[in-house]
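One structure is given here, and the rest of the page talks about it.
Sequence lines set the chain letters: A, B, ... in the order given, protein chains first and strands last, and positions in each chain run from 1.
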Amino acid sequence: MKAEPESRIVKGVDVKFSIDDLREMEGATSHWDGVRNYEARNILRDKMQVGDQVLFYHSNCKAPGIAGLATVVRSGYPDHTAFDPAHPYFDPKSDCASPKWFMVDVRFVRKFPRVISLAELKQHDQLRDMALVKRGRLSVQPVRKAEYDFILSLAGEQ
DNA sequence: GCCAACGTTGGC
DNA sequence: GCCAACGTTGGC
């Protein structure tokens, strides 16, 4: 899952959300709102399950890369920020009766000893087919078990 | 339903 | 700030 760790103002609201921000939330838990892409939405709504591990990726920043781990604590449910006209993520086409956008709740697990940069991830043949490397530009994406394990080993965790 | 124009993402 | 890759929009 990607989030932007540096301040950026969208419609008057700062969209900054880093792994440290997640850790500092109450219960180190947050809903993951604001995803407005159908492919990512489908993953949030249909695929992610409680207990799934999440690689927390820092994007659109000076040092893009994987910063650490989170875990899913609530599976997909409607993203209420789409219902609020005052909210930057408002979507007039979504309402309670037939929600268009979904989110999950995630909880901080731990930071990696270092950020695994995108440049480094691109250097490893084992990650050649990883969506993050091959495709980019998708804020929620699946990770294969072999890729996940390899990334943990890069982080010096195994 | 096609597809050109336009907008967004996000690394560099 | 540039721009490639994609997604969305809307005319026809």
To the nearest Å, how far apart are Glu4(A) CD and dT9(B) C1'? 9 Å

Show the numbers, then the answer: is there a side chain to side chain contact (heavy atoms under 4.5 Å, CB included) between Arg144(A) and Asp129(A)? CA-CA 10 Å; Arg144(A) 295 178 188 86; Asp129(A) 294 327; 4.1 Å; yes

Expressed in angstrom and rounded to an integer, what is the separation of Arg36(A) atom CZ from dG10(B) atom P? 15 Å

Among Asp95(A), Asp79(A), Asp91(A), which one satisfies salt bridge (charged side-chain N to carboxylate O under 4.0 Å, His left out) with Lys100(A)? Asp91(A)

From the candidates dG11(B), dT9(B), dC6(C), the one with an atom nearest any side-chain atom of Arg135(A) is dC6(C)

Atom pair distance, as rounded to whole Å: CG in Asn60(A) and P in dT9(B): 9 Å

Is there a side-chain contact between Tyr57(A) and the phosphate of dT9(B), meaning an N or O under 4.0 Å from OP1 or OP2? no

Counting side-chain heavy atoms from CB outward, which of dA5(C), dG11(B), dT9(C) is closest to Arg137(A)? dA5(C)

How long is the line joining CG of Leu138(A) and P of dG11(B), in whole Å? 13 Å

Which whole-number value in Å describes the distance from Gln141(A) CD to dT9(B) C1'? 12 Å

Atom CG of Asp91(A) and atom C1' of dT8(C) are separated, to the nearest Å, by 12 Å

Fit a plane to each ring of His87(A) and Tyr89(A), take the angle between them on a 0 to 90° scale, and name the class: parallel (under 30°), tilted (30 to 60°) or perpendicular (over 60°). tilted

Asn37(A) CG to dT8(B) P, in whole Å, measures 13 Å

d(NZ, Lys2(A); P, dT8(B)) in whole Å: 17 Å

Using a heavy-atom cut-off of under 4.0 Å over every strand shown, decide if Lys122(A) touches base, sugar-phosphate, or nothing. sugar-phosphate

Do Ser18(A) and Asp21(A) have side-chain atoms, one donor and one acceptor, less than 3.5 Å apart? yes

